[in-house]
Amino acid sequence: MEYLTHLAILFAIYAILALSLNMIVGYTGLLSVTHAAFYGIGAYTVAILTTALGANFFLATIAGIILAMFAAALIGRVLSKFRGDFYALGALGFNVIVFAIMLNWQELTRGPLGIPGIPRPVFFGIDFSQNINFLLLAAISLLLVYLICSFIANSSFGRALKAIREDEEALRVFGYRTSHFKLAIFTIGAGLAAIAGALFASYITYIDPSTFTVTESIFILAMIILGGLANSRGALLGSLFLVLLPEILRFVGFPNDVAAQMRQVVYGAILVLLMLYRPQGLMGEFKL
Amino acid sequence: MSKSHKTLVVVILILIVAWITYGCYRQAKAPISQNKITIGFFGPLSGDRASFGTGAQAGVKFLFDKLNTNKYQVIYEDTQGDPKNAVSAINKLIDVDHVSVTICAGFSPECLAAAPIAQNKRVPMFVTSSQAGDLAAAGDYTFMGQSTQTSLGFEAAKLAKKLGYQTAATITPNYNNAVMDGTKGFVEAFQTSAGKITGQETIKPGETDFRTYLKKIDAAHPQVIYLSTLSNETALILKQKTDLGMREVFINNSAIEDPATLAAAGAAANDVLIASFNADIPQSFTDEFQRTFGYAAPHWSAEGYEAAGVVLQALTTAKSSNPTDVRDALAAIKEFPGVTQTLRFDDNGNAQRQVFIKKVSDGKIESYKE
């Protein structure tokens with residue numbers, strides 16, 4: 001039961017990341033490979049504020065969201081002028097910069113030593129050090145993020161985002177300042193990713209820079225591509241699939257000597273097959 | 001895709017699903033022996049750090065295969081070197097497999113991420129290879145089979161002072177906590193004994209050209225340079241310092257003891273001093289290991305073997321599979337005759353390994369005699 005609770009918490013964290021990235025990539029068509037940077041900013045803000053200053057988890061999370069949105073607004077101003085491959089390259093560069101800061105600003109982040117002993121939150125007498133309670137917190141956060149994403153997707157703002165994805169030039173002709181829209185969704189997505197980072201830091205109780213690399217950004221991108229772009233339920237399905245599949249494979253009775261390698265092969269093969277059969281993802285409405 | 005291709009893909013997909021289903025069913029239906037004691041092992045068994053994990057796994061397997069008993073079952077889980085996967089692995093081992101004790105053969109981040117779970121769920125975790133200082137304070141359910149690299153740095157500084165050097169510099173990667181602890185230990189000990197640190201350079205992941213760092217350090221004319229490094233960069237640093245004609249004395253941690261690194265460094269490794277926890281692996285162990293696995297035992301296999309030995313001794317004296325009893329038995333072990341040296345454990349259950357001073361001469365590593 002505890003193991004399933006753990007997997008459910010991991011799913012909730014990754015689902016938040018997938019939903020928020022889906023707003024940027026799926027709805028707006030911006031190929032962002034920098035989500036792990038905002039995830040990391042949220043995680044590090046909570047880790048530093050709660051361990052060094054004894055700050056309340058919820059206040060630290062708000063600080064993380066603000067910081068991630070501020071960073072996104074800064075880098076987004078540059079990125080929103082790009083499209084396609086150039087956007088992806090610029091975003092990737094930002095992830096590399098944030099990773100380098102986490103690794104090298106050792107006075108603040110402890111560099112590769114990581115930050116251990118991050119406390120779990122206690123709120124109104126509820127002790128979230130119990131995994132089942134933490135699952136409740138993660139589930140509420142996921143629900144909140146899902147509602148925000150659905151609201152955006154169904155609003156006139158969301159429709160403008162989809163129009164940018166389909167034909168940015170046409171929208172400009174109608175007088176829309178598309179770079180503002182792109183910047184806004186990028187900033188909102190970053191703030192939501194910071195929530196996932198805060199939950200991750202508090203749940204695992206230890207973070208180090210290796211969790212927030214470009215590889216992690218690609219992993220989150222894979223979730224929404226697999227689940228289906230521009231569909232929130234697809235993002236949930238993609239994250240469920242990619243979080244649970246490696247765990248299910250732990251139960252396959254491969255011989256000990258080759259088990260780890262075989263799991264990787266099967267994992268990769270399943271992904272390849274899925275992409276062959278559903279190139280638009282499991283529930284996709286848009287293909288990159 | 002043509003129709004025949006589609007059919008083939010469907011068949012493969014069905015086979016994979018059937019395989020997974022069968023595996024899950026088999027595991028769920030496997031008879032649980034009341035007398036069988038399960039031990040969990042987790043570490044990087046795939047990915048770019050797999051050589052460490054699979055090496056330690058071979059050491060653990062070597063010991064339990066030799067016992068030739070059905071009393072113990074070791075369950076191996078892969079972490080791919082990712083702390084998040086280490087958390088999943090230890091959760092699965094404790095909650096699903098109900099292990100009495102776990103062995104962490106991962107790098108420091110993996111073991112540090114898993115340690116709070118071992119503590120909260122009160123299942124002891126024995127760490128085979130990680131030498132990070134934070135692990136020593138991770139709780140009373142975490143036991144270390146290694147000393148921290150800080151003590152290697154201390155011994156290297158003592159050696160430098162003993163040889164009469166007054167000025168030193170350091171080079172260390174900025175992405176590994178254990179080797180950074182080593183540098184901190186060196187700097188602290190060297191400065192405490194009135195030595196002067198003329199420069200400290202940190203190298204980044206994936207770097208291959210270290211000439212800028214070496215030139216910068218060389219410009220301050222230190223007498224000795226402490227390389228607290230990993231095998232990845234050690235050979236290149238030594239080759240490049242030779243190319244630059246640097247004449248300083250180099251002291252390395254155990255990175256150069258990796259046979260591949262020593263071979264890659266070639267003549268550039270000659271005269272490098274080493275402060276290392278690694279005693280020589282006895283020939284009898286090496287021969288038997290070679291016969292069993294078909295390759296020479298790396299040090300991390302010996303460490304895995306020693307970790308399994310310590311865990312086995314705790315299980316034997318605990319006379320119980322209850323994790324708390326096993327923890328108490330682990331805490332009670334003060335000395336263990338390891339393969340390479342006698343392991344002495346401090347009051348927190350962390351090994352205090354002896355430091356060996358060695359030197360590379362003509363491409364071979366020998367004990368250092370002043």
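The structure displayed is predicted, hence computed values, not measured ones. Numbered from 1 within each chain, the chains take letters A, B, ... in sequence-line order.
A donor-acceptor pair under 3.5 Å links the side-chain atoms of A:Ser217 to the main chain of A:Ala36, judged by distance alone. A side-chain donor-acceptor contact under 3.5 Å links B:Gln119 to the backbone of B:Tyr141. In this structure, the side chain of A:Ser202 does not engage the main chain of A:Ala198 through any donor-acceptor pair within 3.5 Å. Judged purely by atom type and a 3.5 angstrom limit, B:Trp300 has no side-chain atom pairing as donor or acceptor with the backbone of B:Thr54. Not a single donor-acceptor pair under 3.5 Å links the side chain of A:Asn131 to the backbone N or O of A:His6. Of the possible polar contacts, one joining the B:Glu233 side chain to the B:Leu230 backbone as a donor-acceptor pair under 3.5 Å is found.
Residue A:Leu4 does not touch chain B at all, counting heavy-atom pairs closer than 4.5 Å. B:Pro109 touches chain A through backbone and side chain together, each having a heavy atom under 4.5 Å away. Using a 4.5 Å cut-off between heavy atoms, B:Asn174 touches chain A through backbone and side chain atoms alike. In this structure, the portion of A:Tyr206 lying under 4.5 Å from any heavy atom of chain B is its side chain and not its backbone. Contact annotation for B:Ala132: neither backbone nor side-chain heavy atoms come within less than 4.5 Å of a heavy atom of chain A. When heavy atoms are compared at a cutoff of 4.5 Å, B:Ala137 does not approach chain A at all. Contact of B:Asn120 with chain A is not made at all, since no heavy-atom distance falls under 4.5 Å. At a 4.5 Å heavy-atom cutoff, A:Gln130 makes no contact with chain B through either its backbone or its side chain.
For residues 107-123 of chain A, the interface with chain B (any heavy-atom pair closer than 4.5 Å) comprises A:Arg110, A:Pro112, A:Leu113, A:Pro116, sorted by residue number.
Relative to the six-membered ring of A:Phe251, B:Lys92 meets both conditions, a distance below 6.0 Å and an angle of at most 45° to the axis.
Annotation: maximal heavy-atom pairing with chain A below 4.5 Å, among B:Gly47, B:Ala58, B:Ala89, occurs at B:Ala89. The most heavy-atom pairs under 4.5 Å with chain A, out of B:Ala178, B:Ser108, B:Ala50, B:Ala113, come from B:Ala113. Comparing A:Leu7, A:Asp208, A:Thr5, A:Ile207 by heavy-atom pairs within less than 4.5 Å of chain B, the highest count is held by A:Asp208.
Residue pairs that meet the side-chain hydrogen bond (donor to acceptor under 3.5 Å, both in side chains) test with at least one member in residues 32-48 of chain A, sequence neighbours left out, are A:Ser20-A:His35.
With 3.5 Å as the limit, one finds no donor-acceptor pair spanning the side chains of B:Lys204 and A:Asn104.
Taking the six-membered ring where the residue is Trp, A:Phe134 and A:Tyr203 present tilted rings, their angle falling between 30° and 60°.
Shown are B:Asn253, B:Asp181, B:Thr183; of these, the side-chain hydrogen bond (donor to acceptor under 3.5 Å, both in side chains) with B:Thr172 is made only by B:Thr183.
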